[in-house]
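Here the structure comes first, spelled out in structure tokens, and everything after it is commentary.
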Number of protein chains: 2
Amino acid sequence: MRRAKTTAAKTAIPKSRRRRAPVAVPKPYHHGDLRRVLIDAALQLVGESGPDAVSVREAARRAGVSPGAPFRHFASRDALMQAVAEEAQRRFRAEIDAALSEAPAGDPLARFRALGMAYLRWAMRNPTHFEIISSRRFFDHDNAEGLSADNAELIELTGRTLAEAFALGQLRAVDLKAVQIAGRALVYGFARMNIDGHFPRWGVDGTEAERTAAAIIDLFIEGIAKQG
Amino acid sequence: MRRAKTTAAKTAIPKSRRRRAPVAVPKPYHHGDLRRVLIDAALQLVGESGPDAVSVREAARRAGVSPGAPFRHFASRDALMQAVAEEAQRRFRAEIDAALSEAPAGDPLARFRALGMAYLRWAMRNPTHFEIISSRRFFDHDNAEGLSADNAELIELTGRTLAEAFALGQLRAVDLKAVQIAGRALVYGFARMNIDGHFPRWGVDGTEAERTAAAIIDLFIEGIAKQG
DNA sequence: CAATCTGTGTAATCGGTGATTACATTCACA
DNA sequence: TGTGAATGTAATCACCGATTACACAGATTG
């Protein structure tokens, strides 16, 4: 397992004054809200260097706490990662919901498009956080209650939107399940290409990535829409 | 993945008679082709438990060699992973080329479809090996000569095929670059969904995965083809 | 107010890992 | 035949996740 290093500069407080702390409150024995601080530190690490750079020890270091302390709050590294993923997922959902609330209520296909756009916009701007909620390898998604529920909800939402579009005669295709999976594969694949560093070899640089994202979503929608 | 064997029971042979091994060939000091054996061991590990399960020590264990020995052949774990990826890529290309050689020469769109099908068939059947050649995280792709060249070649091939299809009036869309990237995102996304364990929550099980793959490729091609 | 209980942090330690170094052994070739 | 380049071994290092015994602090209760 590749991890980060850092080595962190060793505060080195003399053990002599442990009993009374006479001057300059040198940091209380009990941390205010270590759990929250650890999650924030891990979120920051994910943002800086990706999920693989997260180590329990480094999070503890950044929280100014001993290497064993985090295990009072998280049974394992995976449990910490899961908490991080849940926070990231919360933000992701907020973006989706915001975009959806601005989309025209009576045009399901436009809403479907807005869904895809919001999905990719967040994924492109937060690739490392997107990775942690999408990849199976950081923790057991089956034990992640909220995460699974949220995902199912999103799948249900896109399915319903697509069904409404079909009912309104906006779609040419009939196999809606295939359309839905294809749509998901398209956006997920695009987001993954970004994460996995494929864009340079496709001549797509950062500035045009979001524009390209819009282009492929529109291409896809033209492909499934009536008289595209 | 604990405790294979090794440790060798110390034997405690006096150094005096090391030169002649009188009975029962005690295993030669020099391995036949350690480099090759290490790659094979790592390939096997990747196939069994995924790229993350590969450790230099475990590969050494399986090769019956000391933990430091592999470093004579690979400067780092990443270098070993790169060698593994190159072997996997070779097999992947073989599958693509075979499929292409069976596709109708005069029908570029059909060839494009065959390309996508071969891509997904191999990816679905060798998910862990596919992952190692696709993900940036196991080694530095920039230093992987053959890999990059191979990828560029494949991109060039699909681009050319698409251009031929357009020249023959098989395509409705005009932005071929967007079509190409969308196509890649589609198949890569589908392969990634499989790797990342998304299919269970989409109600797609192993037996129908390849069928679904065919369905979304056909859906995509209908979307870009003239009078789909 | 004092005793105690419970939660939370520390220190020490374990086994696994990648990596480096000094040394041992072989093999190929001059 | 001897010698040097290849290649394997042994010992060691730092870092990691994880566990355990212990220290401390805050709340509860007599």
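Computed from a prediction, not measured in an experiment: that's the story for all the values here.
Atom pair B/Leu80:CG and C/dT17:P shows a separation of 14 Å (rounding to whole Å applied). When the P atom of D/dA6 is taken as reference, atom CG of B/Asp33 falls 16 Å away, rounded to whole Å. As rounded to whole Å, 12 Å separates atom P of C/dG18 from atom CG of B/Leu38. Rounded to whole Å, the distance from CE on B/Met81 to P on C/dG18 is 10 Å. Taking atom CG of A/Asp52 as the reference point, atom C1' of C/dG18 lies 15 Å away to the nearest angstrom. In this structure, CZ of A/Arg35 is placed 16 Å from P of C/dG7, rounded to the nearest angstrom. The NE2-P distance, from B/His73 to D/dA6, rounds to 12 Å in whole Å. Atom CG in A/Asp78 sits about 12 Å away from atom C1' in D/dA18, given to the nearest Å.
B/Ser76 and B/Asp78 share no donor-acceptor pair across their side chains, judged by distance under 3.5 Å alone.
Residues passing the salt bridge (charged side-chain N to carboxylate O under 4.0 Å, His left out) test with A/Arg91 are A/Glu87, sequence neighbours excluded. For A/Arg111, there are no salt bridge (charged side-chain N to carboxylate O under 4.0 Å, His left out) partners at least two apart in sequence or on another chain.
In the set D/dG17, C/dT10, C/dT20, the nucleotide with an atom closest to the side chain of A/Ser55 is D/dG17.
Comparing A/Arg72 and A/Arg57 against DNA chain C, the residue whose closest nucleotide sits nearer the 5' end is A/Arg72.
Between A/Ser66 and C/dA11 there is no side-chain N or O to OP1 or OP2 distance below 4.0 Å.
Between B/Glu58 and B/Arg62 there is a salt bridge, with a side-chain nitrogen of the basic residue lying less than 4.0 Å from a carboxylate oxygen of the acidic one.
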